[in-house]
Each structure stands twice: as structure tokens, then as C-alpha cells.
2 protein chains.
Amino acid sequence: MARAKPESAAAPADADARDRLVAAAQEAFAEHGFKGATVRAICAAAGANVAAVNYYFGDKEALYVEAVKAAHLCAGRMDTVPVPPAGAPPVEKLRAFIREMVSRMHAPASPTAMKLMMREMAHPGRAAHVVVTEFIQPAAFALRGILRELLPALSEPELLMVGFSVMGQCLFYRQNRPVSELIFGKAEVDALTVEMVTDHVVRFTLAALGHAPPIGAKKPGGKR
Amino acid sequence: MARAKPESAAAPADADARDRLVAAAQEAFAEHGFKGATVRAICAAAGANVAAVNYYFGDKEALYVEAVKAAHLCAGRMDTVPVPPAGAPPVEKLRAFIREMVSRMHAPASPTAMKLMMREMAHPGRAAHVVVTEFIQPAAFALRGILRELLPALSEPELLMVGFSVMGQCLFYRQNRPVSELIFGKAEVDALTVEMVTDHVVRFTLAALGHAPPIGAKKPGGKR
DNA sequence: GCCGGGGTTAAACGGATGTTTCAATCGCCT
DNA sequence: AGGCGATTGAAACATCCGTTTAACCCCGGC
């Protein structure tokens with residue numbers, strides 16, 4: 001064990017070799033997966049020697065775990081999502097939650113970090129635990145709390161499925177974007193701005209819950 | 001080129017070596033991905049020699065493509081989904097579509113084949129094209145047609161997003177099941193039967209479109 | 001001045017992987 | 001029976017991967 005640094009942002013090419021390795025590992029693992037990415041390629045991208053990964057992390061898998069941890073830090077915690085309204089009405093909280101979630105999915109701060117996280121979520125491995133407990137779980141419980149306020153009469157499984165419907169809509173734009181572009185063409189999909197998607201998901205969800213006019217109806221000019 | 005067989009179901013262990021290889025490849029690729037699965041392991045599982053894969057397919061990637069093609073055949077075409085109602089009302093068509101989609105996602109005929117397809121969809125490669133054009137595209141266009149009937153006033157992008165909301169809900173239960181179980185516990189997630197999920201997604205969607213009472217309201221006893 | 005240790009490097013090692021070779025075997029047809 | 005193409009078998013090949021080794025460099029402290 002050699003160091004204990006506060007771990008800054010994504011290594012800017014003149015940072016510590018360790019940080020550059022983590023950054024290069026994020027890129028490589030996000031693009032090619034754990035097996036597909038080679039430590040030689042990672043070290044080359046980081047401008048370091050092949051032995052560096054074993055010197056700093058021990059082995060390839062430890063580097064992977066470190067890369068995922070760094071990614072979930074970079075992508076931002078999710079429990080801080082519904083900040084704007086503290087004691088606001090539940091509908092407003094839900095609106096804020098969806099807005100934040102769609103934004104992060106549609107245009108994340110670090111696309112590389114997000115891609116790596118999604119890869120780990122699709123096939124959970126050793127690094128999944130920290131991402132789930134620190135990144136996803138808080139968001140899920142926050143959403144469940146909001147929905148419980150909004151729908152006090154629903155049973156537990158029903159509430160769970162409502163949450164899944166919300167998350168499913170948000171995650172779709174991140175998990176199925178390549179396929180969507182293949183089907184409908186890149187232009188048509190790219191035409192959907194983050195604002196359009198946000199407004200749509202909010203409206204679709206609120207309409208389903210009876211707190212907004214349904215999609216078929218004409219749009220309300222100013223509903224706030 | 002040696003053969004041209006009608007390509008039956010998933011090789012039952014006494015089938016052609018070629019079919020056994022494809023079946024074993026599906027299993028291995030679905031579980032470990034393209035890089036993670038080794039031709040030696042595949043051949044061992046198929047009870048064939050290492051040279052067999054090169055003899056029948058040329059190389060590993062060709063076998064992968066063949067496995068994905070076979071998988072999308074096994075998982076069933078998607079354009080045959082809204083069969084029950086021919087000239088039925090659009091709402092009924094949508095209901096049938098969602099029902100079929102959720103069923104296939106929640107409890108597919110061949111979980112292995114479905115897992116392999118999902119893997120390829122998450123990171124499209126050489127085999128993605130045939131799966132998209134023959135498996136996903138028909139379903140997507142069928143859904144768009146149904147929604148267009150249902151919502152003639154909507155613009156093209158809005159219709160697209162409605163379709164994404166429907167697909168997002170359906171796909172969630174396949175793409176995010178491991179994570180959901182990590183968050184809420186396997187028991188709670190397993191408690192959601194395919195019937196419950198189907199009814200929920202149908203009701204959520206129809207409510208959002210104004211063709212069913214919202215989720216918050218008490219359930220309609222017999223709505224048909 | 002030199003010594004020592006953290007950081008770095010090039011080279012090599014053992015193993016695994018995709019692929020190839022070539023002989024042996026099987027099944028069928030004349 | 002004999003021949004012949006299709007298939008299978010075991011071994012080898014070349015390459016690549018993760019990891020290790022041992023020497024090297026640099027720099028601050030006794």
C-alpha cells in the first residue's frame with residue numbers, strides 16, 4: 001500500500017500515474033468490458049508501464065473495481081436528487097425526481113463513467129455492491145417514498161411496479177439508445193432533446209397517476 | 001460450404017454436431033459474453049472437438065453470429081404479436097401488444113436465447129443487424145402503428161416517446177432484474193408475477209393515454 | 001558522498017486462447 | 001469390397017494476456 005489521496009477528478013494527463021490508470025481503465029472497461037479490455041492497452045493509454053497496474057492495484061480486477069468506484073463518484077450520487085422541494089407537495093417532488101433522473105440518463109456529466117456503471121449493472125460482479133448501495137439504492141428509496149406519499153392506498157407490490165414504470169422510462173433512453181437509433185434512424189432519435197424527454201416522462205407518469213391530463217388531450221398552456 | 005438444414009430447435013444432445021455447437025455457444029455467450037466465452041469450453045459442452053467450430057463456421061465470430069441468429073429465431077418473431085384482434089379497437093390492440101411483450105420479457109420461452117439477444121442489443125456488434133431488422137423492428141413499427149391509431153393528433157417525436165415509454169416499462173423487468181433484486185431483495189421482486197406486471201403496465205399505459213382510470217383510483221372490477 | 005527506498009522500466013514467464021494441420025475414421029455409393 | 005468425401009481426433013502453432021522479476025533511475029536524509 002503506497003498512498004492515500006483524496007482522489008480528484010478524471011486525471012488530466014499530467015496527474016498521478018495512478019489516477020491516469022483509473023481514468024484510462026474507465027474508458028477501456030466502458031468500451032470493451034472487463035474481458036475485452038487489456039491491461040496493456042490501458043497502460044498504453046495512461047502512458048504507464050505494464051507493471052504499473054500490478055504495482056498500484058495488485059491485479060486487473062482490483063483496478064476494475066477502482067474504476068467503477070471512481071465512475072459512480074463521477075456520475076454523482078442519486079440520493080441528492082429531490083433537493084429543490086423540501087416540504088413541497090409530492091407531485092412537485094416527483095416532477096423534480098424524474099427531471100433529474102432523465103437529465104442524468106440523457107446527458108450524463110461523464111458519458112464514459114455512466115457507460116461503465118451501466119455495464120456493471122447489466123451483469124453485476126464484484127463492483128456492483130458499492131454502486132448499488134451508494135448510487136442506485138438511495139434513489140430507489142427516495143422514489144418509493146415520494147410515490148408512497150402520492151399513492152397511500154396502494155399495496156407494496158403495486159407501489160414497486162409504479163416505481164419500475166418510472167425508472168423503466170428513464171433508463172430506456174440510456175440502455176436502448178443504440179438500438180433505437182438502428183430502428184428509427186439516428187436523426188429521429190437525436191431530435192429528442194433532453195427537455196422534450198423530461199417533459200414527456202413527467203407528463204406520461206403524472207397522467208398515469210391521475211395528476212395531469214392524459215397524453216391524448218391538448219397540452220395545458222401553463223399548468224403549474 | 002457443406003450443409004443446408006432447416007435448423008430445428010435447440011439441439012437435444014444427440015443432434016448434429018453443428019446444432020449442438022450453436023446451442024452450447026448460445027449458453028456460453030449469453031453467460032460470459034463474446035470475449036469471456038472460450039471456444040474450448042463451447043466445444044467441450046457440445047461434446048465436439050476444438051477444430052469443429054473452425055470446420056463448421058470458420059472462426060469464433062461467425063459462430064457467435066450464428067448463435068445470435070438462432071437465438072432470435074428461438075425467442076420468436078415480434079411482428080406476430082398483435083394477432084388476436086385483427087380489426088379490433090386500437091385500445092384492445094395495445095392491450096394485446098403489451099401483454100405479449102411483458103410476457104416474453106418476464107418469462108421468455110428460452111431464457112438463454114433472450115439473454116444472448118439482450119447482450120447483443122446492449123452492445124451492438126456484427127450480429128445486431130439481423131436481430132434488429134427481424135426481431136425488434138417489426139415490433140417497434142407495429143407499436144407505432146397502434147399508437148398512431150390511438151393518438152392521431154400527436155406529432156411524430158411525441159409518438160416516438162410514447163412508444164419508448166411503453167417499451168421502457170416492458171424492458172425494465174428484463175434488463176434490470178438483477179439490480180432490482182439487489183435493491184429490494186429477491187423475494188419482493190419475485191413476488192411480482194407475470195400477470196401482475198402485465199396488468200400493471202397495461203393499466204399504467206392506458207391511464208397515461210386517458211383510456212383507463214388512473215392508478216390512484218380504485219380498480220375497476222370488470223372494465224371490458 | 002553515499003545510501004536507501006519509492007517509483008519506473010524492459011524483459012521474460014507461464015498459461016490460455018483462437019486457429020491450423022494432418023492423419024484417422026465414419027458413412028455411403030458404385 | 002473399395003473408394004471417396006464428409007467428419008472427427010489429437011496435437012501443435014502462433015499469439016496474446018496477466019503477472020512477475022530484477023535491474024534501473026531519481027532524490028532526500030544520515
Side-chain angles (χ1 to χ4, degrees), chain A residues 1-8 11-68 119 125-127, chain B residues 1-8 11-68 116 125-127:
Chain A
M1 212 46 80
R3 308 190 338 165
K5 253 192 48 178
E7 190 107 5
S8 68
D14 66 331
D16 237 339
R18 196 191 136 98
D19 299 340
R20 281 178 307 171
L21 277 175
V22 173
Q26 283 187 20
E27 184 87 28
F29 286 137
E31 203 62 34
H32 306 104
F34 179 72
K35 290 271 191 178
T38 70
V39 312
R40 280 180 164 85
I42 293 174
C43 290
N49 190 272
V50 211
V53 39
N54 284 74
Y55 176 75
Y56 283 111
F57 305 94
D59 62 352
K60 184 187 181 182
E61 183 165 347
L63 169 60
Y64 177 78
V65 174
E66 216 60 33
V68 174
R119 222 184 243 271
R126 277 195 161 71
Chain B
M1 212 47 80
R3 303 189 342 160
K5 251 194 45 177
E7 190 106 10
S8 68
D14 65 334
D16 237 341
R18 196 191 135 99
D19 297 342
R20 281 178 304 167
L21 276 174
V22 173
Q26 283 187 21
E27 184 88 28
F29 286 137
E31 203 61 34
H32 306 103
F34 179 72
K35 291 270 189 181
T38 70
V39 312
R40 277 179 166 84
I42 293 174
C43 290
N49 192 271
V50 211
V53 39
N54 284 76
Y55 176 73
Y56 283 111
F57 306 95
D59 62 351
K60 185 186 181 184
E61 183 165 347
L63 170 60
Y64 178 77
V65 173
E66 216 60 33
V68 174
L116 178 56
R126 277 195 162 71

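Chain naming here is simple, since letters A, B, ... match the order of the sequence lines and numbering starts at 1 in each. Since this is a predicted model, take the numbers as computed values, not measurements.
One can place CZ of A:R18 at 16 Å from P of C:dG6, the figure rounded to the nearest angstrom. Atom NZ in B:K60 sits roughly 8 Å away from atom C1' in C:dG18 (whole-Å rounding). Per the geometry, CZ belonging to B:F29 stands 13 Å off P belonging to C:dT17, to the nearest Å. Taking atom CG on A:L63 and atom P on D:dC17, their separation rounds to 15 Å, with Å as the unit. For the pair A:D59 CG and D:dT20 P, the interatomic distance rounds to 8 Å; values are reported in whole Å. Distance, B:I42 CD1 to C:dT17 C1': 12 Å, rounded to whole Å. We find that CG of B:L21 is positioned 9 Å from P of D:dT8, with the value rounded to whole Å. Between the CG atom of B:D19 and the P atom of D:dT7 there is a distance of 12 Å, rounded to whole Å.
A distance of 6.0 Å separates OH in B:Y56 from CG in B:D16, rounded to the nearest 0.5 Å. Separating the NE2 atom in B:H32 from the NZ atom in A:K35 is a distance of 8.0 Å, to the nearest 0.5 Å. The SG atom of B:C43 sits 8.0 Å away from atom CG of B:L63, with the distance rounded to the nearest 0.5 Å. Atom CZ of B:F57 and atom CG of B:L21 lie 5.5 Å apart (nearest 0.5 Å). Here the CD1 atom belonging to B:I42 is positioned 10.5 Å from the CD atom belonging to B:Q26, to the nearest 0.5 angstrom.
Backbone-only contact: A:A37 has heavy atoms under 4.0 Å from sugar-phosphate atoms and none from a base.
Summarising the geometry of A:E31 relative to A:R119, their closest heavy-atom pair is O-NH2, 2.9 Å, with the distance given to 0.1 Å. Of all non-hydrogen atoms in A:R40 and A:V50, the two that sit nearest each other are CG-CG1, 3.8 Å.
Within the 3.5 Å criterion, the main-chain N or O of B:F34 finds a donor-acceptor partner in the side chain of B:K60. Using a distance-only test at 3.5 Å, with no hydrogens or angles considered, a donor-acceptor pair links the side chain of A:D59 to the main chain of A:A62.
With axes fitted over five pairs at each extremity, the angle between the ends of the helix from C:dG1-D:dC30 to C:dT30-D:dA1 is 20° (10° resolution).
Here C:dG6 is the nucleotide among D:dT19, C:dG6, D:dT8 with the atom lying nearest to any side-chain atom of A:Y55.
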(request) Take nucleotides 9-16 of chain C nucleotide by nucleotide from the 5' end and write B, S or -, depending on whether a protein heavy atom sits under 4.0 Å from the base, only from the sugar-phosphate, or from neither. (result) BB-B----
